[in-house]
Amino acid sequence: CFAPFLCLRPPQIRVKPDRTGVVTDGVKHSMNPFCEIAVEEAVKLKEKKLVKEVVAVSCGPQQVQETIRTALAMGADRGIHVEVSGKDYETLGPLQVSKIFAALAKKEQADLIILGKQAIDDDCNQTGQMTAALLDWPQGTFASEVTLEADKLKVVREIDGGLETIKIKLPAVVTADLRLNTPRYATLPNIMKAKKKKIVNVKPADLGVDVSSRLEVLKVDEPPQRQSGVKVETVHDLVEKLKEAGRI
Amino acid sequence: AVFSRAPLIMALRSVSRLLVNSQRCVLFTASRSQKTAAASPWGRNSRLLDISQFNWRDALDLEGLLTEEEIMIRDSFRTYCQEKLMPRILMANRDEVFHREIVSEMGELGVLGPTIKGYGCAGTSYVAYGLIAREVERVDSGYRSVMSVQSSLVMHPINAYGTEEQKEKYLPRLARGEILGCFGLTEPNHGSDPGGMETRAKYNPSSRTFTLTGSKTWITNSPVADICVVWAKCEDGKVRGFLLERGMKGLSTPKIEGKFSLRASATGMIIMDEVEVPEENLLPKVSGLAGPFGCLNNARYGIAWGALGAAEFCFHAARQYTLDRIQFGVPLARNQLIQKKMADMLTEIAIGLQSCVQLGRLIDEKKAAPEMISMLKRNSCGKALDIARQARDMLGGNGIADEYHIIRHVMNLEAVNTYEGTHDIHALILGRAITGLQSFTVDK
């Protein structure tokens, strides 16, 4: 995550008074850290001349253009901003996003889609997998190493038991995990070049995608306040208390 | 295998992340119960004034005056400074070690000589240069001095006063941080009066060289510099600039020991004992003190921004400390004396930054006068030193420990207030502009 800056404590996340979500007004938005890693990997592939063009895509309101510009400053060639705002944006979830990506992949005739394994605000970890399914493409998720071998992709995946190495045919979807690489700082000259790179605006309807959600958020609550503990004198008391609380 | 046909798509998620460096506070939904219009502190005008939430981190919305590009540059560089420079500074300052690598790192990021167009430089606005200086100095004034010297005092004179050959030869390597430069103007007996300098350059027609003899002191980077931009008086009495390279016979750059300011940067002397300098190394496009002063003004502008970065660090650190530290059952920040001090800090920083952005825009439009730069360098440095000292006091005993960083800024700002024109000298520059009467010397 982000390095600590001036505060020693991060500011508090607040639940909205109507309990439909968290307050996002006035909160600085930026690129999801796993997506930063995805951008870095894509730019690296281009620098090795293994891919010809890197297109950065983001779905959301006007502000996501800043995020796309950051990707352009890191080395992406052009951007696509899929405009989703207001109520639609609040209910935008992995299923709709993957439908958008699948439609774009077909339109742009992409060979490879790289995205972050999950977003750190909702932790869904679904978009990459859903996109692959919709396109009927193979997927290499939680990638910690990606190597192009002829027309196949060798992906080393971080799994619970350790590392799994798979080979998948292109076109494919890859989701980036933490150790895939260390994203570069955007250099000044690249930030300035990014100004001249194009970002195209597209609406979900243009791609034939319906962004209405099939999910309804019933409520969002803060985690319960931590209750104070109880001190006990002996181990015997501890066991009794745990039994009382139904813990053992 | 090369994928020549189709593009690679990266899907980006723009995430709502409450970053610890967020420029805007989270809006709390505060409900003020207003029973009558008279009872409300804003009265009837609250509907006319579109009341925004006050942001103590950016009290006068500096953010709103920056272009998207400047914001990106600032953000990217701020991340580098916090992630890569901040972890080094504690021990670098304590042990007086200059990390030469940072020059190469900054070169890679393209922040050296950022306002220069071409020669491998970025060609950004002066406001962007100021923002860069502010971010480095937020970490340490010594690091910012290194950056200022390289950009404004070495690259700038070569760019402004040098030949095309000199520019091609030196600028790209300086921009990458491959070579490090230093600027030799000040002498042991001539600080505020550079016009009285004793370093001499004698032309030798037979060998088409200049022989330089003299000494310069308080030279940032000199002990480890690859090139020196030295200002010397020629036989016609005019001051000119020369490019000296390490290895030239008679040139030595001893380190100054016992320095209790800017310890993370290497400072030394430039001793020249009949150094033979080829005439191609003369900077031909300027003569007289206008040369060095042009460079100094360039650097002073960066310092005006930079000093406020150091002040901001001290303000924020003191704020956090006094919120955390409990005495007599309440946080120190609950006390009036503490809040008054922070109110003063907030005000000076906010006003100072506004003036800096205006000055940057004027420089970009080529409408700035040197006195403007003097005014802001003097203001920012003086106010920053005050703020740092106050902040140090607010931390009590912990304020003298380098782990809390503020004492390091206090130490550094003493030098920053003094170099590039002391506080008093800039006052005289302004005094002359105000009255038409010079008060530098005792003659009329």
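Keep in mind the model is a prediction, meaning the values are calculated, not measured. Just so it is clear: chains get the letters A, B, ... in the order the sequence lines come, proteins before strands, and each one is counted from 1.
The structure places CD of A:Glu36 at 12.0 Å from CZ of A:Arg184, a figure rounded to the nearest 0.5 Å.
Top candidate by heavy-atom pairs under 4.5 Å with chain A, chosen from B:Cys121, B:Ala128, B:Gly120, B:Gly110, is B:Gly110. Contact tally against chain A (heavy-atom pairs below 4.5 Å) for B:Ile73, B:Ile132, B:Val111: the top residue is B:Ile73.
Under the salt bridge (charged side-chain N to carboxylate O under 4.0 Å, His left out) criterion, no residue pair touches residues 125-142 of chain A, with sequence neighbours excluded.
Using a 4.5 Å cut-off between heavy atoms, A:Arg69 contacts chain B through both its backbone and its side chain. The part of B:Glu68 that comes within reach of chain A is its side chain, from C-beta onward, which places non-hydrogen atoms under 4.5 angstrom from that chain.
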For this session: Give the intermediate values and the outcome of side chain to side chain contact (heavy atoms under 4.5 Å, CB included) for residues A:Thr70 and A:Ile191.
Result: CA-CA 8 Å; A:Thr70 308; A:Ile191 290 173; over 6 Å; no
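Not a single salt bridge (Lys or Arg N to Asp or Glu O under 4.0 Å) links A:Lys48 to another residue, sequence neighbours left out.
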